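All chains are named by letter (A, B, ...) in the order of the sequence lines, taking the proteins before the strands, and each is independently numbered beginning at 1. Fair warning: this is a prediction, and the values are worked out from it, not measured in the lab.
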2 protein chains.
Amino acid sequence: MVRKTKEDAELTKRRIMDAARAVFLRRGVSRSTLEHIATEANVTRGAVYWHFKNKTEIFHAIREQVFLPLFDKVDDVLSHVPDSSKDPLSQIEASLCQTIQDLDASQTQREIYEIIMIKCEYVDEFAAVLHQILDNCSSLVEKYELAYQRAQAKNLIAPKLSAHALALDTHLFFGGLLHMWIKDSKGTQFRHQAIEMIKAHIDLRRKL
Amino acid sequence: MVRKTKEDAELTKRRIMDAARAVFLRRGVSRSTLEHIATEANVTRGAVYWHFKNKTEIFHAIREQVFLPLFDKVDDVLSHVPDSSKDPLSQIEASLCQTIQDLDASQTQREIYEIIMIKCEYVDEFAAVLHQILDNCSSLVEKYELAYQRAQAKNLIAPKLSAHALALDTHLFFGGLLHMWIKDSKGTQFRHQAIEMIKAHIDLRRKL
DNA sequence: TAATATACATACAAAGATGTATGTAAGCAA
DNA sequence: TTGCTTACATACATCTTTGTATGTATATTA
């Protein structure tokens, strides 16, 4: 069968991306060949080359599937300042919990995170991805910092530390949490207590 | 030239490992071939195959170069309980700072960490490495927890949180810190403030 | 409905990488 | 000094992977 309609073609493209995700997860990005991906998607390499220039482009397509919506969401929860019913600390907590709950709900997201974190080598074309992630992190930290400043203004936290230090600490904590969460794919070590740990992390900042 | 003495041979092996480290760092583990490594070490693939079974074995040899000494050191700083001049919180702080300072001092260590964290895909033979790391982490957390318990016993920290929660929070924080530290190879974003951030993290726990 | 572009499948050539087999000169032990 | 072993280098066969070129049947459009 050849020459499908446009909708059919879009479907094939999706199938290829889904297949690539599965193959990347199983064999790592480097060891995955276009042939593997094509087979998994029940097409030939011809179809793959039609929709994507090469493996790298597939990787980026998959990545964007998760990262474009992600930052919007963080913004939503964190930056929704006006007459918020929640205090700033709870906003940060909610933002972090939201990400975890999203991961809990979506296997696709989990898989993409796993690929990005431990099934990909950041060299050459992929090195740029790292810098992009780092940049995004910076803007995240800034948002945490603003929230902590609001919390300080409302006298919710002990004035031990600067908002900046608190924001960085939270950011590193959550980075570490995400890594552990992903690596603990059996869910026995970290996943089940992730939410508690976020609450604990925030509680540590609360004035009694 | 052929047939060196035993000492010469050991030297060649080291040279191959050093070369492999450089090549892994530059091209990632997967894209590195034994030919690349041999060329970098100024030998032929014959020499490489003589000293190592395959690429995986080289990787493990490099890895052990760092991880075997590492855990000893953490133990040294953290578990050296008897009549310690430092309070438990400072011990934890010192242990974390020590690791960062070690990384600061040794380019070799930095490179190996970078390879392990962002230039290697954890599939197949490498998947086991991840589990090993996770296991080591668990024992680390236990050591933090013991230290925090001692701190609680000495009434050094507010009783807001359990020692277990504090230990996990510290562990995740430091995991995140290490990742950022390594990724920020230019040193502009995180490296220069790593020590401060560790102090801030610990200070957050201190009773005023 | 004829022409063209689309959505693939198939075939081919070239390069890369791996493992092994074989060669060889020098060290070392008896 | 002979003979065995070590520490490699060289050569070869095989498999994989990639990119591209070509074929082709069907949508789409004018």
Query - Positions of residues 50-58 of chain B (non-hydrogen atom under 4.0 Å from DNA chain D), listed by number - result: B:Trp50, B:His51
Query raised in the report: What's the CG-C1' distance between A:Asp8 and D:dA25, to the nearest Å?
Result: 14 Å
Query raised in the report: Cation over ring, B:Lys13 on B:Phe52, under 6.0 Å and within 45°?
Result: yes
Query raised in the report: Side-chain N or O of B:Thr12 less than 4.0 angstrom from OP1 or OP2 on D:dA7?
Result: no
Requested in this report: Would you mind reading off the distance between A:Glu125 atom CD and D:dT18 atom P, rounded to a whole angstrom?
Outcome: 12 Å
Query raised in the report: Less than 4.5 Å apart, any side-chain heavy atom of A:Arg205 and any of A:Asp169?
Result: yes
Report summary line: Residues in residues 18-34 of chain B with a heavy atom under 4.0 Å of DNA chain C, by number, are B:Thr33, B:Leu34
Query raised in the report: Shortest non-hydrogen contact from A:Ile16 to A:His51?
Result: CD1-CD2, 3.9 Å
Query - Integer-rounded Å distance: C:dC12 C1' and A:Tyr49 OH - result: 14 Å
Query raised in the report: About how many Å separate CD1 of A:Ile100 and CG of A:Leu178, when rounded to the nearest 0.5 Å?
Result: 5.0 Å
Query raised in the report: B:Lys13 NZ to D:dT6 P: how many Å, rounded?
Result: 15 Å
Query - Carboxylate-amine/guanidinium proximity below 4.0 Å for B:Asp18 and B:Arg15 - result: no
Query raised in the report: What orientation do B:Phe173 and B:His201 show, parallel under 30°, tilted 30 to 60°, or perpendicular over 60°?
Result: parallel
Query raised in the report: Which comes earlier along DNA chain D counting from the 5' end, the contact point of B:Glu10 or that of B:Arg45, where each point is its nearest nucleotide?
Result: B:Glu10
Requested in this report: Could you tell me the separation between the NE2 atom of A:His36 and the C1' atom of D:dC15, rounded to a whole number of Å?
Outcome: 12 Å
Report task. Report the distance from atom CD of B:Glu35 to atom P of C:dT18, rounded to the nearest whole Å. Result -> 9 Å
**Report entry** Gap separating the CD atom of B:Glu40 from the CD1 atom of B:Ile37, nearest 0.5 angstrom
**Finding:** 9.5 Å
Query raised in the report: Does A:Arg31 pair with B:Glu125 as a salt bridge, N-O distance under 4.0 Å?
Result: yes
Query raised in the report: Roughly how many Å is it from CD1 in B:Ile16 to P in D:dA9, rounded to a whole number?
Result: 8 Å
**Report entry** Side-chain H-bond candidate by donor/acceptor type, B:Ser138 with A:Gln189, under 3.5 Å
**Finding:** yes
